[in-house]
Structures are given as C-alpha cells and as structure tokens.
Amino acid sequence: MNENYFMSKSSTEPYLIPFDAIGSDKIGFITVAQGLLDIPFEIKRVYWTYHTPNKVIRGGHAHKNLQQIIFSVSGKIIIRTEKFGTGKAEFVLDNPSVGLYLPPNTWRQIEFFNPAVLLCLASDYYKENDYIRSYQDFLQAQENR
Ligand code: TYD
C-alpha cells in the first residue's frame with residue numbers, strides 16, 4: 001500500500017483506496033487490509049451483505065463518528081455520497097482490491113448490482129445512536145457545525 005496516498009488525502013472526504021492485489025490471473029489474488037497500517041483506523045467490526053436483489057438501494061444514513069472502508073468483494077456496487085460543503089460524489093466499486101473510505105458525517109446511498117457482496121471494515125462496534133437516519137436531521141446537523 002502506498003502510504004503517501006493517505007497523507008495526500010483529507011480524511012474529511014470520501015476517497016478510493018487502491019490496495020495491492022497479490023497473485024496472478026493463473027492462481028487468483030489476495031488483498032489485505034491491516035488496521036492502522038493500510039487503513040487509517042483500528043478495525044473493531046467487520047460486516048458483509050449478500051443476496052441483495054439487483055438494483056436495490058440501501059444505506060440512506062450517515063454516521064456521527066464511525067469511519068468505514070467499503071469493498072465490493074464480488075460484483076458491483078455504486079455508492080453515492082454527500083458531504084455538506086463539498087457536495088455529492090459517486091463511486092463505482094467493481095474491483096475487489098479497491099476500497100472506499102467513508103469518513104464521519106457522510107450521507108450514503110448504496111446501489112447493488114446482483115450478485116454483489118459488500119464488505120465493510122468499521123472503526124467501532126455497532127451503535128444505533130451513532131446513526132443519522134433522517135436526511136433532514138443530516139442537513140440540520142451539518143448546518144449546526
Ligand atoms: P443498516 O446499517 O441500517 O444497513 P442498511 O442501511 O444497508 O439497511 O443495518 C441494517 C440492520 O442491521 C439494522 O437493523 C441494524 C442491523 N445491524 C446490526 O445489528 N449490526 C451491524 O453491525 C450493522 C451494520 C447492522
């Protein structure tokens with residue numbers, strides 16, 4: 001992993017992280033993400049989603065403090081993000097060696113293209129009170145910053 005990549009990025013914005021793909025077409029590949037080495041936080045939780053029907057859109061929330069890195073380890077997902085001040089962005093994840101860093105206070109909608117498998121590395125345990133689930137509350141929270 002190129003450490004300069006982190007240093008050149010502001011962690012207040014979502015950004016793609018290219019990880020090494022170790023292997024070859026002949027035998028396949030391994031990609032590794034190590035907390036505080038390849039990624040900018042300690043990993044406290046891992047979750048994955050699967051069997052999501054084609055074109056389903058999930059997400060529709062932000063987190064107050066949580067940092068995440070999301071991969072599509074199989075298939076394709078599109079993540080649309082919004083940050084107050086810098087606006088909206090769209091990221092296509094269709095390469096298992098590329099992750100998307102999502103900083104706190106990022107509204108996201110995630111579109112799944114069957115049979116996508118999303119893998120998430122998260123900086124904290126599941127806490128429902130870390131969620132902002134209402135878009136109005138998200139806008140309000142940003143305006144009050
Ligand atoms: P949620 O984060 O709302 O996912 P999405 O926005 O994609 O629908 O989670 C869906 C449900 O799963 C919700 O009831 C909370 C539960 N959940 C946990 O219990 N633990 C977890 O770590 C996560 C990510 C979700």
Side-chain angles (χ1 to χ4, degrees), residues 1-3 5-23 28-145:
M1 181 61 207
N2 177 3
E3 286 173 25
Y5 193 78
F6 285 120
M7 291 194 287
S8 66
K9 293 285 180 180
S10 156
S11 63
T12 61
E13 295 301 320
Y15 60 90
L16 292 170
I17 304 174
F19 291 82
D20 290 339
I22 305 163
F29 295 88
I30 296 175
T31 289
V32 182
Q34 301 172 99
L36 297 176
L37 290 179
D38 308 298
I39 67 172
F41 55 80
E42 188 184 340
I43 300 164
K44 284 197 176 167
R45 178 166 52 113
V46 177
Y47 65 84
W48 49 99
T49 72
Y50 47 91
H51 298 175
T52 313
N54 198 37
K55 301 270 194 170
V56 159
I57 296 179
R58 299 188 58 148
H61 62 255
H63 287 280
K64 295 172 193 165
N65 294 302
L66 190 72
Q67 301 176 74
Q68 295 163 292
I69 295 186
I70 290 180
F71 298 86
S72 177
V73 290
S74 180
K76 180 172 98 167
I77 61 180
I78 296 180
I79 304 186
R80 299 180 176 92
T81 62
E82 182 173 347
K83 293 248 7 175
F84 192 77
T86 49
K88 300 180 181 183
E90 181 175 294
F91 301 90
V92 177
L93 291 180
D94 59 2
N95 178 339
S97 72
V98 177
L100 175 65
Y101 174 74
L102 292 177
N105 295 305
T106 306
W107 189 263
R108 85 288 307 272
Q109 291 193 301
I110 306 173
E111 186 172 4
F112 289 78
F113 295 87
N114 186 265
V117 176
L118 175 156
L119 176 73
C120 177
L121 311 177
S123 66
D124 204 354
Y125 304 120
Y126 173 75
K127 291 173 184 163
E128 183 57 37
N129 65 7
D130 187 65
Y131 279 76
I132 304 170
R133 290 198 180 272
S134 147
Y135 186 63
Q136 289 311 316
D137 290 349
F138 168 72
L139 293 178
Q140 192 97 48
Q142 300 301 311
E143 278 166 17
N144 293 337
R145 283 163 73 85

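Both ligands and their constituent atoms are indexed starting at 1 by order of listing. It should be emphasised that the depicted structure is a prediction, and the values quoted were computed from it without experimental measurement.
- Closest to atom 8 (O) of ligand 1, if we only count protein heavy atoms, is Arg58 NH2, 3.1 Å.
- Taking atom 15 (C) of ligand 1 as the reference point, the nearest protein heavy-atom neighbour is Tyr126 OH, 3.3 Å.
- Not a single donor-acceptor pair under 3.5 Å links the side chain of Arg80 to the backbone N or O of Glu90.
- Annotation: Ile30, atom CD1; neighbour count of heavy atoms from other residues, nucleotides and ligands within 6.0 Å does not exceed 12.
- For the pair Gly60 and ligand 1, no heavy-atom separation below 4.0 Å is found.
- Using cut-offs of 30° and 60° on the angle between ring planes, the pair Phe71 and Phe19 is tilted.
- When each atom of ligand 1 is checked for a heavy atom of Gly59 under 4.0 Å away, the hits are 5 (P), 6 (O), 7 (O).
- Within the 4.0 Å heavy-atom shell around ligand 1 one does not find Tyr125.
- In this structure, atom 17 (N) of ligand 1 is in close contact with the protein, since a protein heavy atom lies within 4.0 Å of it.
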With side-chain contact (heavy atoms from CB on, under 4.5 Å) as the test, would you mind laying out the steps for Val56 and Glu111 before giving the verdict? CA-CA 6 Å; Val56 159; Glu111 186 172 4; over 6 Å; no
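- From the protein, the heavy atom lying nearest to atom 2 (O) of ligand 1 is Tyr131 OH, 2.5 Å.
- Residue contacts with ligand 1: Arg133 is included, with a non-hydrogen atom under 4.0 Å away.
- The backbone N or O of Thr12 sits less than 3.5 Å from a side-chain atom of Lys83, completing a donor-acceptor pair.
- The closest side-chain donor-acceptor pair between Arg108 and Gln68 falls under 3.5 angstrom.
- The backbone N or O of Ser97 sits less than 3.5 Å from a side-chain atom of Asn95, completing a donor-acceptor pair.
- If you number the atoms of ligand 1 from 1 as listed, the ones under 4.0 Å from a heavy atom of His61 come out as 2 (O), 6 (O).
- Arg45 NH1, 2.5 Å is the protein heavy atom nearest to atom 22 (O) of ligand 1.
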